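Worksheet for the structure shown next.
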Amino acid sequence: MPADDSEDPNEEVQYHIEVGPEDVASSVLLPGNPERVGKITEFWDESDEKGHHREYRTLTGRYDEVPISVTSTGIGGPSAAIAVEELARVGADTFIRVGSCGAIQEGMDVGDLVITTGAVRQEGTSDEYVREDYPASADHEVVCALVAAAERLGYDYHTGITMSADSFYAGQGRPGFEGFEAAGSDDLVEDLREANVKNIEMEASAILTIANVYGLRAGAICSVYANRITGEFRTEGERRASETASLAVKLLARMDEVKAEAGAGRWHAGLSLE
């Protein structure tokens with residue numbers, strides 16, 4: 001039997017996320033936690049659930065009349081990669097991770113937002129796609145839209161490099177069970193700080209890398225839950241991240257209109273969004 005025939009024969013409804021081409025908008029927000037999906041859609045004009053299988057919950061609706069979707073990815077690069085792969089197969093071309101993170105620089109408060117411009121690939125999923133020196137870079141238009149949205153909403157934000165890890169404990173320099181310490185964990189956070197990395201999370205670099213490989217747009221915005229310098233931890237800021245990402249989708253839609261009107265291939269600072 002040819003190898004292709006061993007795969008799922010359903011070419012429309014995707015195996016893991018259980019949605020088809022008519023179920024999602026071109027722009028999709030990607031929270032990790034399925035419980036965050038409902039919190040994101042609170043800012044929308046309307047929404048309908050299109051699929052819910054395993055960790056993947058998908059709703060589609062409109063934000064200020066712009067079509068928009070959200071799909072939860074679960075924790076980590078492997079499940080996030082499946083979401084991007086299958087959403088791309090049904091027509092999505094723009095992805096924004098909406099998550100939480102730990103901040104590792106001075107002046108970053110719990111509840112602040114971090115907009116990723118690029119990511120350190122300390123997860124293994126992206127290694128399955130590209131060589132280790134391939135950069136995980138956020139799309140310029142997505143970064144600009146997220147910054148513009150945070151500015152319009154008046155939310156405190158930071159931009160810069162994110163580190164994506166494969167584990168919450170050992171991979172982020174935290175002690176494991178019974179105080180286990182992974183090799184190099186004592187210096188991990190300090191080394192990242194000295195390299196001006198802003199925050200640590202678990203999905204961004206896989207999402208950015210895969211999107212770049214396929215010529216899709218992707219970015220990430222995270223709310224700071226933990227300050228690794230002060231030890232402070234609170235689940236704060238997810239509503240701000242959700243609203244900012246939703247507004248960014250509207251701004252990206254406007255960018256696309258402006259590009260078409262100007263005959264430009266990419267949005268740039270010389271084009272107005274007004």
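Not measured: the values here are computed from a predicted model.
With sequence neighbours left out, the salt bridge (charged side-chain N to carboxylate O under 4.0 Å, His left out) criterion links E106 to R193. In this structure E18 satisfies the side chain to side chain donor-acceptor pair (under 3.5 Å) test with no other residue, sequence neighbours excluded. Listed by chain and number, the residues in a side chain to side chain contact (heavy atoms under 4.5 Å, CB included) with A149 are T244, L247, A248, L251 (sequence neighbours excluded). For E243, the side chain to side chain contact (heavy atoms under 4.5 Å, CB included) partners two or more places apart in sequence, or in a different chain, are F43, L153, Y155.
Judged purely by distance below 3.5 Å, without hydrogens or angles, the side chains of E238 and T235 never pair a donor atom with an acceptor atom. Using modelled atom types, one finds a donor on one side chain and an acceptor on the other under 3.5 Å when comparing S126 with R121. Side-chain atoms of E86 and Y56 form no donor-acceptor pair, as typed in the model, at a separation below 3.5 Å. Residues R217 and T94 have side chains that bring a donor and an acceptor to within less than 3.5 angstrom of each other. Inspection of the E201 and S164 side chains reveals an N or O donor paired with an N or O acceptor under 3.5 Å. Side-chain contact, S137 with N212: a donor N or O sits under 3.5 Å from an acceptor N or O.
Under a cut-off of 6.0 angstrom, the local environment of CZ in R131 is sparse, with at most 12 non-hydrogen atoms contributed by other residues, nucleotides or ligands. With a 6.0 Å radius and a threshold of 12 heavy atoms from other residues, nucleotides or ligands, L273 has its CG atom above the threshold. Annotation for D45: atom CG counts as buried by contact number, over 12 foreign heavy atoms lying within 6.0 Å.
When the options V66, L146, D64 are evaluated for a side chain to side chain contact (heavy atoms under 4.5 Å, CB included) with V249, the one that passes is V66. When each of V114, I104, L192, D112 is tested with N199 by the rule side chain to side chain contact (heavy atoms under 4.5 Å, CB included), just one qualifies, namely V114.
Residues E49 and T58 are not in side-chain contact: their nearest non-hydrogen atoms beyond the backbone lie 4.5 Å or more apart. Annotation: side chain of V120 is in contact with side chain of I161 (closest heavy-atom distance under 4.5 Å). By the 4.5 Å heavy-atom criterion applied to side chains, K39 and R239 are not counted as neighbours. Residues V258 and S272 have side chains not in contact (no heavy-atom distance under 4.5 Å, counting atoms from C-beta outward). At a threshold of 4.5 Å between non-hydrogen side-chain atoms, the residues D109 and V224 do not count as touching.
In terms of modelled atom types and a separation under 3.5 Å, the side chain of T209 and the main chain of S205 share a donor-acceptor contact. In this structure a side-chain-to-backbone donor-acceptor pair under 3.5 Å is missing from R254 to K250. Not a single donor-acceptor pair under 3.5 Å links the side chain of D139 to the backbone N or O of A218. The main-chain N or O of E232 is found under 3.5 Å from a side-chain atom of T230 such that the two form a donor-acceptor pair. The closest donor-acceptor contact from the side chain of Q14 to the backbone of V19 lies at 3.5 Å or more, if one exists at all. Judged by distance alone, the side chain of N227 and the main-chain N or O of M108 form a donor-acceptor pair under 3.5 Å. Distance alone, capped at 3.5 Å, places no donor-acceptor pair between the D187 side chain and the G184 backbone.
Residue F233 shares its hydrophobic cluster (ILVMFWY side chains chained together at separations under 4.5 Å) with Y225.
The distance from the OG atom of S100 to the CZ atom of R234 is 14.0 Å, given to the nearest 0.5 Å. We find the OG-CZ distance between S185 and R174 to be 12.0 Å, quoted to the nearest 0.5 Å. E123 contributes atom CD, which lies 12.0 Å from atom OG of S167 (distance to the nearest 0.5 angstrom). Interatomic distance, CD of E85 versus CD1 of I17, reported as 10.5 Å (0.5 Å rounding). Note that the CG atom of L87 and the NE2 atom of H16 stand 12.5 Å from one another [nearest 0.5 Å].
A salt bridge links K259 with E141: the distance from a Lys NZ or Arg NE/NH1/NH2 to an Asp or Glu carboxylate oxygen falls below 4.0 Å.
In the hydrophobic clustering of ILVMFWY residues, with side-chain heavy atoms under 4.5 Å counting as a link, V189 and F168 come out apart.
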Let me check something: any side-chain donor-acceptor pairs from residues 20-31 under 3.5 Å, sequence neighbours excluded? List them with distances.
residue: D23; atom: OD2; partner: G20; partner atom: N; Å: 2.7

